[in-house]
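Okay, so here's the structure we're looking at.
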Amino acid sequence: MPTLPIPEVLNTEENATGGIAVVTLPGFGPELAPKRRGVFFDNSVDRGRVLEQFIGWFDLWGIPVKRLRGTEGAFEKRFFTLEWPKSEIRNAHGPQTVKVIASHIDEFVQVMQARLPRLVIFLSCYPWQAVNLDEIKPLLEPVFGQPLDDGRRITDKRLGAFVQHWQKCTVLALPQPSKNTTETIVRSFAGGVQSALQRSQSLPQQTVDPLLEAAGDCLILDEEQSIRWIAVQLHVDPARAQKLFKALENKAYVREKNGKLRFKA
């Protein structure tokens, strides 16, 4: 079923200049026109499956976002979207797609000049490759300055994700959200995404390390070694050490249904 263009994000003081641009390829908007406008994360606005999946990635990155209308803060208001190019790309694949996107560079530069974002997030590596073509980079100097590096991978997974620093902004190139972007793959982007947000002075204070909880689940107690260590350190016999260990259950550790012991959170 054909889709509509991605709905425009509500203009705010935070995204008018120095905000965060989310750039998608055309053809992935909603099937029905929204009845109203809202900030990027507003859960009452259908922005199409690609952006809806992308918004869900923030939880996996340890970055809390407010999706209820009226509760949004400065972070949520920083985002705006750009569908680039405006027309769908037909009969082009791989490197050809990059060339076709680059031929519409005037559309991209026009929006960048008007908004001057601190962070640009491409939800496909094709447009990122397009802005890095030798003949295109000089056209971006008024808004991006010159690239400070060629970009580096922010994941060890098979799907490419990159960060690149320019003189005036930071650029992230992430895979287009799809069934191939599993939670494991998306979590591997977390460090790079958080660093890019921090560099652009946009990282929320409530951000946490998304691997912290998972790491806590990996901590396992060894009952026999713990009892022996208690006996040695406290100079008690094994029976007394065992009683002390059992007294710590549900205070220092918990026993799971499978019998494993874990430190109590």
Side-chain angles (χ1 to χ4, degrees), residues 3 6-7 9-10 14-15 19-30 38-69 71-84 117-129 151-164 169-215 217:
T3 60
I6 291 173
V9 171
L10 193 67
E14 290 82 0
N15 67 26
I20 300 172
V22 180
V23 183
T24 70
L25 294 174
F28 298 98
V39 300
F40 180 70
F41 294 97
D42 191 331
N43 61 8
S44 67
V45 179
D46 180 4
R47 301 196 183 282
R49 61 177 178 84
V50 165
L51 285 183
E52 187 61 32
Q53 189 172 343
F54 170 66
I55 288 172
W57 290 0
F58 283 78
D59 281 340
L60 300 178
W61 294 333
I63 302 171
V65 293
K66 297 175 182 176
R67 302 210 58 192
L68 185 64
R69 179 182 290 265
T71 65
E72 61 273 357
F75 178 71
E76 288 80 9
K77 294 177 181 178
R78 284 193 176 95
F79 289 75
F80 67 94
T81 58
L82 171 62
E83 206 168 19
W84 180 51
R118 289 181 180 171
L119 176 63
V120 177
I121 304 174
F122 291 111
L123 292 184
S124 167
C125 286
Y126 286 150
W128 174 61
Q129 292 169 358
R152 64 171 181 83
R153 288 178 64 91
I154 61 172
T155 177
D156 58 356
K157 307 303 180 185
R158 61 181 181 85
L159 291 181
F162 304 85
V163 63
Q164 184 181 28
C169 74
T170 300
V171 173
L172 282 170
L174 306 178
Q176 180 174 285
S178 70
K179 63 181 181 180
N180 294 322
T181 47
T182 63
E183 286 193 5
T184 299
I185 289 174
V186 174
R187 285 184 194 276
S188 73
F189 307 156
V193 171
Q194 287 193 13
S195 294
L197 286 168
Q198 189 168 36
R199 185 183 178 92
S200 61
Q201 301 176 8
S202 303
L203 188 67
Q205 290 185 342
Q206 301 86 352
T207 299
V208 299
D209 187 336
L211 297 181
L212 189 60
E213 183 176 350
D217 291 338

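Along the sequence shown, the residues carry numbers beginning at 1.
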Please confirm whether the backbone N or O of [Y] pairs with a side-chain atom of [X], one donor and one acceptor, at under 3.5 Å?
{"X": "R67", "Y": "T71", "value": "no"}
{"X": "N15", "Y": "L10", "value": "yes"}
{"X": "Q53", "Y": "S178", "value": "yes"}
{"X": "R47", "Y": "F40", "value": "yes"}
{"X": "S200", "Y": "A196", "value": "yes"}
{"X": "S195", "Y": "G192", "value": "no"}
{"X": "E72", "Y": "K77", "value": "no"}
{"X": "R199", "Y": "T170", "value": "no"}

Open item on the list: Which residues pass the ring pair (Phe, Tyr, Trp, His ring centres under 6.0 Å) test with W57, not counting sequence neighbours?
Closed with: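 Only F54, W61 meet the ring pair (Phe, Tyr, Trp, His ring centres under 6.0 Å) criterion with W57.
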
Please find the pair of heavy atoms, one from [X] and one from [Y], that lie closest to each other, and give the distance.
{"X": "L203", "Y": "Q194", "answer": "CD1-O, 3.9 Å"}
{"X": "T181", "Y": "P175", "answer": "CG2-CB, 3.9 Å"}
{"X": "L174", "Y": "I121", "answer": "CD1-CG2, 4.0 Å"}
{"X": "Q201", "Y": "R78", "answer": "O-NH2, 4.0 Å"}
{"X": "G73", "Y": "K66", "answer": "N-CD, 4.4 Å"}

Task: Stepwise side chain to side chain contact (heavy atoms under 4.5 Å, CB included) check, L159 with N180 - done: CA-CA 9 Å; L159 291 181; N180 294 322; 4.2 Å; yes

Task: Non-hydrogen side-chain atoms of L123 and L51 separated by less than 4.5 Å - done: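 With C-beta onward as the side chain, the pair touches.
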
- [ ] May I ask you to test the P204-I63 pair for a side-chain heavy-atom distance under 4.5 Å?
- [x]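 In contact.
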
Using 0.5 Å steps for rounding, measure from the [atom1] atom of [X] to the [atom2] atom of [Y].
{"X": "R118", "Y": "C169", "atom1": "CZ", "atom2": "SG", "result": "11.5 Å"}
{"X": "F122", "Y": "Q164", "atom1": "CZ", "atom2": "CD", "result": "9.0 Å"}
{"X": "E183", "Y": "S188", "atom1": "CD", "atom2": "OG", "result": "12.0 Å"}
{"X": "S124", "Y": "L25", "atom1": "OG", "atom2": "CG", "result": "4.5 Å"}

- [ ] Please work out which of the three classes, parallel, tilted or perpendicular, describes the rings of F58 and F41, given edges at 30° and 60°.
- [x]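 Taking F58 first and then F41, their aromatic rings stand perpendicular (interplane angle over 60°).
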
Open item on the list: I'd like to know whether V171 forms a side chain to side chain contact (heavy atoms under 4.5 Å, CB included) with W128, so could you lay out the CA-CA distance, the side-chain angles of the two residues, the decisive distance to 0.1 Å, and finally the verdict.
Closed with: CA-CA 8 Å; V171 173; W128 174 61; 3.6 Å; yes

- [ ] Let me see the working for F79 and F75 under ring-ring contact (aromatic ring centres under 6.0 Å, His included), right down to the final yes or no.
- [x] CA-CA 8 Å; F79 289 75; F75 178 71; 5.2 Å; yes

